[in-house]
Amino acid sequence: MSSENKEESLDFIRSRIKDDQAKGKNNGRVHTRFPPEPNGYLHLGHAKSICLNFGVANEFNGLCNLRLDDTNPVAERIEYANAIKKDVKWLGFNWDNRLYHASDYFDQLFELASQLIRSGKAFVCDLAFEEMKKLRGTLVTPGQNSPFRERSVEENLNLFTQMKNGEFLDGAKTLRAKIDMSSPNMNMRDPVIYRIIHKEHPKTGDKWKIYPSYDFAHGQSDSIEEITHSLCTLEFEHHRPLYDWFCENLNIHHPQQIEFARLNLTYVVMSKRKMLRLVEEGHVNGWDDPRMPTVQGMRRRGFSPESIHDFCDRVGLAKRENIIEAELLEHCLRQDLNKRAPRRLGVLNPLKLTIENYPTNQNEEIDAVNNPEDESAGTRKVPFSGEIYIDRNDFMEEPPKKYFRLAPGKEVRLKYAYYVTCKDFIKDDNGEVIEVICNYDPESKGGNTEDGRRVKGTIQWVDAKTAVPTKVRLYDRLFSVPNPEVTNEGEDFIKNINPDSLKTLDTCLTESNLSQIETEVPFQLERIGYFCKDRDSETEEQLILNRTVALRDSWGKLNKK
RNA sequence: AGCCUGGUGGUGUAAUGGUAGCACAGGAGUUUUUGGUACUCUCAGUCGGGGUUCGAAUCCCUGCCGGGCUGCCA
């Protein structure tokens, strides 16, 4: 029954692939690819596509290639290509020996273009950019044929070879497919398939002076790699007729292009162009800023690959436009971290707490549970003494109703340690509380007593002598509105940046066990949130923590009302 | 304006002619040595109008609304 339900709830792409496989299309073979252009860093939207393509291959007993779509040397860089490979790997996917580049196929692509010329289906056009634009027509009016459309095959072949040899300047000539200038689909109005670019290519050096356009490179690369299902986002829908036209007219293996809606997330922007602006204008500290939805940013923030997989599984797959609520991402993150992240103690805004009746100069080691969700994580020793720090917001001189924490005369449990009762507190000249004086109950070691008395409040603490001075970066949403694209007249998304998306706390204290924590491996500071060590800790020679995500806070929520 | 495409609770996604379900978010509660977690309950939906049918989210017609398309970007 349950497996039946599972089958029924396949997304539209998977059910289509399943049908194809059942019908024996491509001999039941399933082969996908993830084809990023190496002109920027991967983001969560790419992660969705990666999970889809590699996931489908995995589920249908097929393969997925990684292909760098490097057909335009003007924008592309090796640096990006390397980052892409690293990110895909980090996400946990394996392309084995199937790393390809569109540029691997430049010879074959040139030959395919020549074949098109020989069959009278492509021609060299001398029209300048503006003239070509003019003749293309508009959305509602048909275009006109290029005056160069009827050149002979021989002339076309010669000119194309001359283009290849670098005998013309950039933009002087193009190779165009000969399709239909009156097509309602602009992509079919004799699209350019090769353009002249005198620019060194990261992979092929100065061998080529002409480069294939997306439409001519992408589908043909799919075909060469014998891809069966070419999954892409909705904006390529109008290109599918062209994709199909090339395969048919070249008489080559014909993969099926299927389009799906791209991922959008609230409180961020997900386009390369907009993200570039954030970086260039200094609104964030680079592509790997933990506030960025890039794979590298998320990694630095403390996201696990598993949480991203889970998210990509849950966002679903369809053709309708969507904006996923950031809360879902946070949910996936917390769910993963909750069961795996070790617990530690720390205070963000330290307030001194002195235990008056604790024996002077006594020290102890308290046993603390590493993860209540995972018994195998065991316990650790945490130093304790009569001088500790608690978090400033865990003490109130005049507590509101239902405040379970420390206040004059009230008793709380120091997590894993003892019950303490507030006897007094000290203020400075500004009226700010600077120290809390307590007595502890020696019988309450471990956090409970034989008399079974109920102590509702439990707070975290750190030992004054051994605590590690720590800098903490509290990250919040990059934008202050769910959809940053929605702006007033004359303004743009930059206006919607959340001015408080990063707050740095310099005087935090964390338990001594944190000194040997690994970079980018998240842990939980109990009652606060999940954090991980930032790589800046090395250069600044101080423990620097990034807040991955806060714990859900029903007390804070209650107070907002 | 033309062409393509889509419209199911707040959000996302199922149900393909037969009881509109799931998740997140919201609300209420139980448990709790994290105001965390877990668990329970709950709020809330088929874009409108016609038609076909015993029966329509699903099929047909029509209207409305959203997205995309006039790069030698991908």
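A, B, ... follow the sequence lines: proteins, then strands. Residue 1 opens every chain.
Of all nucleotides listed (B/U5, B/G36, B/G35), B/U5 comes nearest to the side chain of A/Lys319. In this structure, of B/A74, B/U11, B/A14, it is B/U11 that holds the atom nearest to the side chain of A/Glu325. Out of B/G35, B/U34, B/G27, the shortest distance to the side chain of A/Lys557 is found at B/G27. Here the side chain of A/Val192 is nearest to one of B/C73, B/C24, B/C72, namely B/C72.
At the phosphate of B/C73, OP1 or OP2 sits under 4.0 Å from a side-chain N or O atom of A/Arg195. The phosphate of B/G26 has OP1 or OP2 within less than 4.0 Å of a side-chain N or O from A/Arg552. Contact annotation: A/Arg240 side-chain N/O to B/C69 OP1/OP2 distance is not under 4.0 Å. For the OP1/OP2 pair of B/A74 and a distance below 4.0 Å, the side-chain nitrogens and oxygens of A/Thr71 include at least one atom meeting the criterion. Side-chain N/O atoms of A/Arg343 include none lying less than 4.0 angstrom from OP1 or OP2 on B/U37. A/Arg320 has a side-chain polar atom (N or O) that falls below the 4.0 Å cut-off from OP1 or OP2 of B/U13. In terms of phosphate contacts, A/His238 brings no side-chain nitrogen or oxygen within less than 4.0 Å of OP1 or OP2 of B/G68.
Judged by the 6.0 Å and 45° rule, A/Arg477 forms a cation-pi pair with A/Tyr267. For A/Lys164 and A/Phe110, the positive end sits near the middle of the six-membered ring, less than 6.0 Å away and at most 45° from its axis.
Between A/Phe129 and B/G71, no base-stacking contact is recorded for ring centres under 5.5 Å apart and planes less than 30° from parallel. Applying the 5.5 angstrom centroid cut-off and the 30 degree plane-angle cut-off, the aromatic ring of A/Tyr214 is not stacked upon the base of B/A74.
When heavy atoms are screened at a 4.0 angstrom cut-off, A/Thr174 is found touching base atoms of the nucleic acid. Residue contacts shown for A/Lys456 include a base, since a base heavy atom lies under 4.0 Å away. As judged by a 4.0 angstrom heavy-atom cut-off over every strand, A/Tyr194 is placed among residues making no nucleic acid contact. The residue A/Lys402 sits close to a base: some heavy atom pair falls under 4.0 Å.
Aromatic ring orientation, A/Phe236 versus A/His239: perpendicular (interplanar angle above 60°, classes split at 30° and 60°).
Of the inter-residue distances, the one linking A/Leu337 atom CG with A/Glu306 atom CD reads 10.0 Å to the nearest 0.5 angstrom.
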